[in-house]
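Notes to accompany the following structure.
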Amino acid sequence: MTPINKVIINKETSINPIWIMRQAGRYLPEFREIRSKNTDFIKLCLDVNLSSEITLQPLKRFSLDAAIIFSDILMLPYGLNQKVEFKKNFGPILGEINIGKMSKLDEIDFIEKIYPVYKSIKKVSKNKLTTNKNTIGFVGAPWTLLVYMINQQSPKKNLKKDFFKDDFLINRILLILEKFLKIHIKNQIENGANVIQIFDSWAGLLEERDLPNYVYTPTLNLVNYVKSLKIPVICFPREIKNYKEYCEIVKPDAISIDYNIDPKEILKNIKIPVQGGLNPKILLTDKETLKKETLKYLNIFKDHPYIFNLGHGVLPETDPDMVEYLVNIVKDY
Ligand code: CP3
């Protein structure tokens, strides 16, 4: 059994596996090298050789316990034929939604558009660097994808006032997302993904009264689907205020926490395996601070099933030596 499965399935507390959100990315010079020659991000994600190579880059450097496939949550709207572009120093920009066309899209057309993602997962999961490690497949949660699809770019701090104005359109999109997220999950698993993480990066934007409709119900649906395929599912509802309620309703196999929530509070309230928490900014400080903060999380969760990770993605300005130092602290613990 892989270390991550031992923690999630067997609830082992004697080991702390580690992987890092955005571990394949811009803080690595070898990634920047490939990226500089491949200016179209989507095309890069759809290049099987390059995307599998990028996925394995962090595993060549550090003793991480998982590979997370180099792709993006926005490959889903891309597969639904919404235009998706990544602009330098700005982030994603999406085109308008053609809901009539989107409603008629069938499974085969969707898969055909993004099938290199699945080939890349297959390639990574068969590579010797992932022996006895997990290959993590992932999706954006319906709510977070809805935010990007309607907002057409990353929201700033709040949603626009008229975000919910067309509730008929919103409900149609949510139904389409549910169908194709399941297809996307199934294909990732069939090609070798053996854990699924659901990223709900914008869960924290919602008022409490809207959580059941947009976060709990649609995510529970997906969680039940992943469970039916006998694969563990980790949820990351970033900046949600009530992790306890989320876990009780959505019931993921493990919960990934952000860096704003007090880990002691989590330990007190949450029974399922926990992942993550460390503020990625700590990696920009010094080794002494990094060690202290890392040990804080390891000590708090020493008798709780715990997978080490950050509370959000590793920042592009991070020194890879600090990542190496972090991995070693966790391994030596
Ligand atoms: O290493 C990994 O974690 C795997 C690859 C991965 C990427 N994006 C690659 C990527 C994963 C798991 C994601 C998830 C993702 N993408 C999320 C959820 C996690 C989170 O950060 O909250 C979200 C919201 C997105 C959407 C997205 N993709 C944004 C907002 C941006 C631009 C801002 C940014 O961080 O660069 C991206 C681009 C993106 N996705 C890059 C990478 C490596 C940077 C592309 C570049 O080189 O310019």
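Quick note: numbers below take in every heavy atom, side chains included, and nothing from hydrogens, waters or symmetry partners. First listed ligand is number 1; within each ligand, the first listed atom is number 1. On a predicted model such as this, the values are computed, not experimentally measured, just so you know.
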Please confirm whether His184 and Tyr118 have ring centers closer than 6.0 angstrom.
yes

Flag the pair Tyr214 / Phe164 as yes when their ring centroid distance falls below 6.0 Å, and as no otherwise.
yes

[X] heavy atoms, cut-off 4.0 Å: which ligand 1 atoms fall inside?
X	result
Phe70	43 (C)
Ile69	4 (C), 5 (C)
Pro92	29 (C), 30 (C), 31 (C), 32 (C)
Phe199	12 (C), 18 (C), 19 (C)
Phe31	47 (O)

Heavy-atom contacts under 4.0 Å between [X] and ligand 1: side chain, backbone, both, or neither?
X	answer
Ser71	backbone
Lys88	neither
Arg22	both
Phe236	neither

Ignoring hydrogens and angles, tell me if any N or O in the side chain of [X] forms a donor-acceptor pair with the backbone of [Y] under 3.5 Å.
X	Y	value
Asp258	Arg238	no
Thr217	Pro212	yes
Thr144	Trp202	yes
Thr219	Tyr216	no

If only side-chain N and O atoms count, and only distance matters, is there a donor-acceptor pair under 3.5 Å linking Asn16 with Lys302?
no

Close N or O approach ([X], ligand 1; < 3.5 Å):
X	result
Arg238	no
Gln23	yes
Ala24	yes
Ser154	no

Give me the residue, atom name and distance of the protein heavy atom closest to [atom].
atom	result
atom 36 (O) of ligand 1	Arg26 NH2, 2.6 Å
atom 48 (O) of ligand 1	Arg35 NH2, 3.2 Å
atom 20 (C) of ligand 1	His312 NE2, 3.1 Å
atom 11 (C) of ligand 1	Phe138 CZ, 3.7 Å
atom 22 (O) of ligand 1	Ser201 OG, 2.5 Å
atom 10 (C) of ligand 1	Phe41 CZ, 3.4 Å
atom 37 (C) of ligand 1	Phe86 CE2, 3.3 Å
atom 16 (N) of ligand 1	Asp72 OD1, 3.0 Å

If I take atom [atom1] from residue [X] and atom [atom2] from residue [Y], how far apart are they, to the nearest 0.5 angstrom?
X	Y	atom1	atom2	value
Ile266	Ile300	CD1	CD1	10.5 Å
Phe31	Thr55	CZ	OG1	10.0 Å
Ile196	Asn134	CD1	CG	11.0 Å

So for atom NZ, which belongs to Lys227, do other residues, nucleotides or ligands contribute more than 12 heavy atoms lying within a distance under 6.0 Å?
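It does: Lys227 NZ has more than 12 such atoms within range.
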
Taking NZ, NE, NH1 and NH2 as the nitrogens, is one of them in Glu30 or Arg61 under 4.0 Å from a carboxylate oxygen of the other?
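Salt bridge: yes.
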
Is atom 26 (C) of ligand 1 less than 4.0 angstrom from at least one protein heavy atom?
yes

If you apply the rule side chain to side chain contact (heavy atoms under 4.5 Å, CB included), what do you find for Met75 with Leu46, and how did you get there?
CA-CA 9 Å; Met75 293 310 283; Leu46 294 175; 3.5 Å; yes

Quick one: which of Ile136, Ile73, Ile198, Val147 has a heavy atom closest to atom 14 (C) of ligand 1?
Ile73

Can you list the steps and then say if Leu80 with Phe110 is a side chain to side chain contact (heavy atoms under 4.5 Å, CB included)?
CA-CA 6 Å; Leu80 297 177; Phe110 172 82; 4.1 Å; yes

Can you find a non-hydrogen atom of Tyr148 under 4.0 Å from ligand 1?
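In this structure, Tyr148 qualifies as a contact of ligand 1 - some heavy atom is under 4.0 Å.
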
